[in-house]
Amino acid sequence: MKQEKTTVVEHHNFQGDYRILRMAAPEIGPLVKPGQFLHLLIPHLGDRILRRPFSIYKADTGGVSILYKPVGRGTESMIPLRPGDAVDIIGPLGNGFPALGNNKLPVLVAGGYGNAALYLKAKESPVKGVAFFGGRTAEDILCIEEFQVLGWDVRPATDDGSLGTKGLVTAAFDPWMQELGAGSGAQGVEKLELFVCGPNPMLKAMGDRAIKHGFTAWLSMDKNMACGVGACLTCVIKRRTTNGWEWARCCKDGPVFESREIIWE
Amino acid sequence: MKQEKTTVVEHHNFQGDYRILRMAAPEIGPLVKPGQFLHLLIPHLGDRILRRPFSIYKADTGGVSILYKPVGRGTESMIPLRPGDAVDIIGPLGNGFPALGNNKLPVLVAGGYGNAALYLKAKESPVKGVAFFGGRTAEDILCIEEFQVLGWDVRPATDDGSLGTKGLVTAAFDPWMQELGAGSGAQGVEKLELFVCGPNPMLKAMGDRAIKHGFTAWLSMDKNMACGVGACLTCVIKRRTTNGWEWARCCKDGPVFESREIIWE
Amino acid sequence: MEPENSTPPPPNSPPKQPAMAVRIGSMTMRNPVTVASGTFGYGPEYADLVDLNRLGAITVKGIGPEEHIGNPTPRTFETRGGMLNAIGLPGPGAQGFIDKYVPFLAPYNVPVIVNIWGKNMDDYGKVVEILDDEETVSAYEINLSCPNVKEGGSAFGTDTDSFSRVIELVRGKTQKPIIPKLAPNVSDIGAFAKAAEDSGADAISIMNSYPAMAINIDTLEPELANRTGGLSGPAIKPIAIKLVWDAAKATKLPIIGMGGIYEPEDAIEFMIAGATAVAVGTANFTDPSTVARVIDGIEDYLEQKGHSSVADIVGTVKA
Amino acid sequence: MEPENSTPPPPNSPPKQPAMAVRIGSMTMRNPVTVASGTFGYGPEYADLVDLNRLGAITVKGIGPEEHIGNPTPRTFETRGGMLNAIGLPGPGAQGFIDKYVPFLAPYNVPVIVNIWGKNMDDYGKVVEILDDEETVSAYEINLSCPNVKEGGSAFGTDTDSFSRVIELVRGKTQKPIIPKLAPNVSDIGAFAKAAEDSGADAISIMNSYPAMAINIDTLEPELANRTGGLSGPAIKPIAIKLVWDAAKATKLPIIGMGGIYEPEDAIEFMIAGATAVAVGTANFTDPSTVARVIDGIEDYLEQKGHSSVADIVGTVKA
Ligand SMILES: Cc1cc2nc3c(=O)[nH]c(=O)nc-3n(C[C@H](O)[C@H](O)[C@H](O)COP(=O)(O)OP(=O)(O)OC[C@H]3O[C@@H](n4cnc5c(N)ncnc54)[C@H](O)[C@@H]3O)c2cc1C
Ligand SMILES: Cc1cc2nc3c(=O)[nH]c(=O)nc-3n(C[C@H](O)[C@H](O)[C@H](O)COP(=O)(O)OP(=O)(O)OC[C@H]3O[C@@H](n4cnc5c(N)ncnc54)[C@H](O)[C@@H]3O)c2cc1C
Ligand SMILES: Cc1cc2nc3c(=O)[nH]c(=O)nc-3n(C[C@H](O)[C@H](O)[C@H](O)COP(=O)(O)O)c2cc1C
Ligand SMILES: Cc1cc2nc3c(=O)[nH]c(=O)nc-3n(C[C@H](O)[C@H](O)[C@H](O)COP(=O)(O)O)c2cc1C
Ligand code: FES
Ligand code: FES
């Protein structure tokens, strides 16, 4: 974990409302593991004082990129950022996704900026499996080609049917899982190892399936954060323990948890 | 008095550290009288909430201009303003300078942005007299040619002697006044009518001379302001009354006062 | 979405506007928005910029029994997210107010709340005696919490006994609504809200600026001539919301909520916390169009949420 | 300018560095800057980003007698110029602290101030009994002002009697410096400062976050699960400065000042107001380099103003 007072290298529209912000990060860049995030101090945020967390989309010695959509005070204040502007980042934060288990079939499930959070995982994975991406409409589904180029079988699902299956991501995932033999105790389903990043209902839906059908699902949890480093205890979720539960900090102990660890509220 | 949510028309370096900001002001522009000021809500001032007052340098249907030097949080935040950017102004504020008295010889005395505050007065004045401008060095003395073009006899004074008389503005003014016959009760001196805008010591020096030698001096006073419209009672100075003194609001009752009205603290 | 069994509105009928009026004792405000005392002068200062007839009420700068000069300068100082003031209640006094400002205010069709203060108990009575015959004066806001005058003032606001006695005294002198303004720097605002109710107040207002200070590290002098002052502006809003919520649990009196209202959403938050009306203060300095924007914004919110009256949202916080 | 009669420094002698060390009872801090409890975890959380050995002291998150789960989420909320928190003092308890964090902290060459809290009087005693043999524990900050636990806590901070009794109890259990942390929501902080002194405290710290609230106007729910929380950050600095100034007039005890310190100038302002040491809180979240920047900035200021020791500026306000 490092703090870098650095500069914007690139900033442009990506797709739909999504934008890509790339920042120089000679110290942080080389440390990044898939599923980790940055804590960004947005300049000119007026009288707002907290940083905002962003999943790391790409990272190397040349810099770190994030993919975001302006939805609130922080992300909207990012729009005018231009190359050369000063930014302040802390990262890489969190534990990220674990390595793919032996003989496991990797499945990526994402929605919104979740696709960004999974890109490094998709790249690193020794086996390329299936990627289920959900969105409201075709333009909300990010980076399809990038994942295809890496060798993933991308299966989009859109609420309006403008791309792939019509419906939620589960509308694409469930029939596929049935084919593998879900509910029939077949080997296929237990071999699945899911890496999921997206809105809470998607995380929960995938977590529930993992528990029901006995496969592994790593869920990247989204909780508001203040410090981002484990100090303030803002971002806690309930984690199952042998004799009950404990608070786990999303920023430090997560953001990735296995579905069985999580007690949903 | 109007409030206009308007835009920047022009913004550039002027001379030395000074900059000119011109804003569209179809409603305010035509109302402006010499010596009045604007109350500017500076955009992107972070967690600072108060407006900043600026003398009106030029004004017409095309807009209003101010001349400023970045010296603090507010003025420094103005530097990035570009044409088209939104700004919010209230004006024209204050009473400005009165009309030149009959048979009076007008004298302008200014330092720093005071020169800007006097430009409209210089233009409007039916008689063009002498203008004493003080500054640290040559580049601090603004708009000399503009005043000359209007027909004024400009006499600069600089601390370092790089332009005009070496010394304070009084070093140029006093000998000139002596020539007119100061202290000798001669007609010349009593005919003077001074319009002064500059730092406090300059205002006081000129006020003292006016009282001592029996001429008129209109001093544009500089006090920190909050509301700018007479409501908050932040900007008060002591004004002499027949039986003592009262608070007068710089923003509403001023900013211009005659030297005899002011009780210096 | 229309519920299935509702009758659709007749075609072309104008959409129902929510009722915006609120009552503070016997005073009716056409909408719940007034201005905070001391941030709007006596009315004329902002008349060019704000349509005074749009306001729910005009609350004027604090008036004492006699003319008062207030504090030396500097009187205000900008801080992060707020400002300090120690104006010290300069003003023309009760008779001066009648002479100088009542003729201006009288023609407007808007209630005038006069904020009153005193150096001692008697002073409060005197102000009311002088003002009470003026029809233009609709109600009294009793400043029991000014952090900026040495004499009395704020002490009345932090001790329930003298607090109650001032209110009872004023109550004995007028039939008009009286609205004690509570000091924020107390551990138990509920006790003061209750005491106000028990002493015959018609409403309470919360909060005055919070006792505070800034020091210049080069001169070692306080930034205000009065040394300390009151903090106002967006910085204090979360403190004010809690005080209003606490007070609303302790009393049935209507509350005029204030402290850092800059946006309609801020005003709505105060009302949900328990305020019947709100006052825009420091925001007038930042943007005199705030009051109008807040009134419009409350109305839009009510329409959007399907409320027929502004009273529907008061105290609706789920807490 | 050199005064005429001063001896010029010998050529090439290094410029004199001002003495930065301060004492809080028997504890020496190498410089006057610590961190505010609850904003810096227990030490390890920021160890990658902040050189812990540079700090004057590490103040850890509040520790109760036993493990405690704290409040449900959301626990924090951003406001204009500040933030609300209602963490609710989750933590491993005194023994858990010894097991989990003392081994990490012990090797550092920096005093550790343990912030302690209890649901009742006895709890405070218990925490101290468990911790007192640990050499790593240098001092206790007694949290008598947490706005976020229902049981006791903040009540102790707003009543001088129970306030004094907690301090006396703790005093009876330890020789180490004890530093009561005062509640800000009182009318007369001086009375608490004085009570702390009379009860045997070695120092006091001011201020805890201020009781406050925010409400979501769409859901009508408070933004914090605990409903109310404490306001911290730049918004409250002018309140904290006044409290420190008031307290400094009432007691000779050293004061640890905090509330919105973001820049070295803020820390210096606290010291001029009367604080012997300062704590950086919410600013750690915004920028973990603040602590180092504040230490350097105080040193620069002392040099620039020609002070030989940081003690020279404490309480020098001309007021
Ligand atoms: C691990 C993680 C990874 C993320 N990755 C991405 C990403 O890759 N791309 C992306 O676009 N977004 C990402 N987000 C979300 C992002 O951090 C922002 O929260 C989001 O974009 C909205 O921020 P905003 O400032 O624009 O909105 P805001 O104006 O801040 O508001 C959003 C809402 O959150 C509340 N809020 C904000 N911060 C806090 C806080 N600390 N405590 C309590 N409430 C708070 C606000 O009150 C508001 O209701 C991620 C979040 C997490 C936790
Ligand atoms: C009538 C009038 C006309 C002016 N005309 C011009 C002009 O033409 N050009 C020009 O450059 N400047 C002009 N000024 C000064 C200008 O308004 C600014 O104050 C100045 O430029 C510095 O502002 P700043 O925000 O950059 O500095 P700041 O960061 O605001 O600080 C300057 C100092 O003033 C203090 N301060 C600021 N506002 C207040 C307040 N309301 N109450 C108490 N203290 C406060 C700050 O604490 C600080 O010490 C004028 C001032 C007045 C009163
Ligand atoms: C410059 C100024 C002057 C004030 N004068 C008074 C006053 O005369 N009487 C009073 O009761 N409150 C006075 N107040 C307090 C306000 O009425 C209000 O309670 C406080 O500022 C909080 O609201 P705000 O944050 O919206 O400004 C004054 C506030 C300011 C900023
Ligand atoms: C997230 C958070 C947690 C806190 N936890 C504690 C605590 O456990 N014990 C305590 O005495 N104060 C606690 N505080 C209060 C701080 O120590 C400090 O007094 C307050 O935040 C004001 O300082 P600041 O404005 O610099 O943050 C906490 C503050 C925050 C923001
Ligand atoms: S955000 Fe502070 S502990 Fe996670
Ligand atoms: S600035 Fe408010 S009265 Fe002049």
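Every chain is numbered from 1, with letters handed out A, B, ... down the list of sequences. All values reported here derive from a predicted model rather than from experimental measurement.
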Peer 1: Heavy-atom distances under 4.5 Å only: say whether I49(B) touches chain C with side chain, backbone, both or neither.
Peer 2: both
Peer 1: State the CG-CD1 distance between L233(B) and I87(C), to the nearest 0.5 angstrom.
Peer 2: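 Going from the CG atom of L233(B) to the CD1 atom of I87(C) covers 6.0 Å.
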Peer 1: SG of C232(B) to CE of M83(C): how many Å apart, nearest 0.5 Å?
Peer 2: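 Atom-to-atom, C232(B):SG and M83(C):CE are 6.0 Å apart.
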Peer 1: Specify the closest pair of heavy atoms between A231(B) and T39(C), including all atoms of both residues, with the distance to one decimal.
Peer 2: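 Scanning both residues completely, I find the closest heavy atoms to be CB-O, 4.3 Å.
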Peer 1: At a heavy-atom separation under 4.5 Å, does F77(C) approach chain B through its side chain, its backbone, both, or neither?
Peer 2: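 Contact with chain B is absent: no heavy atom of F77(C) under 4.5 Å.
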Peer 1: For K123(B), does the NZ atom have more than 12 heavy-atom neighbours from other residues, nucleotides or ligands under 6.0 Å away?
Peer 2: no
Peer 1: Given a strict heavy-atom distance threshold of 4.5 Å, which part of T282(C) is in contact with chain B: side chain, backbone, both, or neither?
Peer 2: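 Side chain only.
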Peer 1: At a heavy-atom separation under 4.5 Å, does P44(C) approach chain B through its side chain, its backbone, both, or neither?
Peer 2: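 Neither part.
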Peer 1: Got a sec: does the NE2 of H44(B) have more than 12 other heavy atoms crowding it under 6.0 Å?
Peer 2: no
Peer 1: Would you check if E246(B) and I69(C) make a side-chain contact, meaning some heavy-atom pair closer than 4.5 Å?
Peer 2: no
Peer 1: How about E221(C): does its CD atom have over 12 heavy atoms from other parts shown lying under 6.0 Å from it?
Peer 2: yes
Peer 1: Considering non-hydrogen atoms only, spot the tightest contact between T234(B) and T73(C) and give its length.
Peer 2: O-CG2, 3.9 Å
Peer 1: Atom OH of Y46(C) and atom SG of C227(B): how far apart are they, to the nearest 0.5 Å?
Peer 2: 4.5 Å
Peer 1: For D88(B), is it the side chain, the backbone, both, or neither that has a heavy atom closer than 4.5 Å to a heavy atom of chain C?
Peer 2: side chain
Peer 1: State, with a plain yes or no, whether a side-chain heavy atom of M1(B) is found less than 4.5 Å away from one of L49(C).
Peer 2: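 Side-chain contact under 4.5 Å: yes.
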Peer 1: So for K5(B), is it side chain, backbone, both, or neither that comes closer than 4.5 Å to the heavy atoms of chain C?
Peer 2: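 Contact with chain C: side chain only.
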Peer 1: So which of G46(B), A226(B), C235(B), G228(B) has the largest heavy-atom pair count under 4.5 angstrom toward chain C?
Peer 2: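 Ranked by heavy-atom pairs under 4.5 Å with chain C, first place is A226(B).
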Peer 1: With chain C, which of I237(B), N224(B), V236(B) has the greatest number of heavy-atom pairs at distances under 4.5 Å?
Peer 2: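 The residue among I237(B), N224(B), V236(B) with the greatest pair count is V236(B).
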Peer 1: In terms of side-chain heavy atoms, does Q3(B) have a donor or acceptor partner in D287(C) at a distance below 3.5 Å?
Peer 2: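 Indeed, the side chains of Q3(B) and D287(C) share at least one donor-acceptor pair under 3.5 Å.
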Peer 1: With the threshold set at 4.0 Å, does a side-chain nitrogen-carboxylate oxygen contact exist between E78(C) and R51(B)?
Peer 2: no
Peer 1: Which one, G91(C), G82(C), G233(C), P72(C), leads in non-hydrogen pairs under 4.5 Å with chain B?
Peer 2: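 Option with the greatest count: G82(C).
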Peer 1: Within a 6.0 Å radius of atom CZ on R136(B), are there more than 12 heavy atoms belonging to other residues, nucleotides or ligands?
Peer 2: no
Peer 1: Can you name the nearest heavy-atom pair linking I90(B) to P288(C), along with the distance?
Peer 2: CD1-CG, 3.4 Å
Peer 1: Using a cut-off of 6.0 Å, state whether more than 12 heavy atoms not belonging to R73(B) lie near its atom CZ.
Peer 2: no
Peer 1: What heavy-atom pair brings W247(B) and R75(C) nearest, and what distance separates the two atoms?
Peer 2: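 In this case the closest contact between W247(B) and R75(C) is NE1-NH2, 3.1 Å.
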Peer 1: Check whether any side-chain N or O of R80(C) sits under 3.5 Å from a backbone N or O of D47(B) as a donor-acceptor pair, and report yes or no.
Peer 2: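 No, because the side chain of R80(C) does not come within donor-acceptor range (under 3.5 Å) of the backbone of D47(B).
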Peer 1: State whether the number of non-hydrogen atoms from other residues, nucleotides or ligands found under 6.0 Å of K238(B) atom NZ is greater than 12.
Peer 2: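 More than 12 heavy atoms, drawn from other residues, nucleotides or ligands, come within 6.0 Å of this atom.
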Peer 1: Highest number of heavy-atom pairs under 4.5 Å with chain B: which of P234(C), P90(C), G81(C)?
Peer 2: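 The candidate making the most pairs under 4.5 Å is G81(C).
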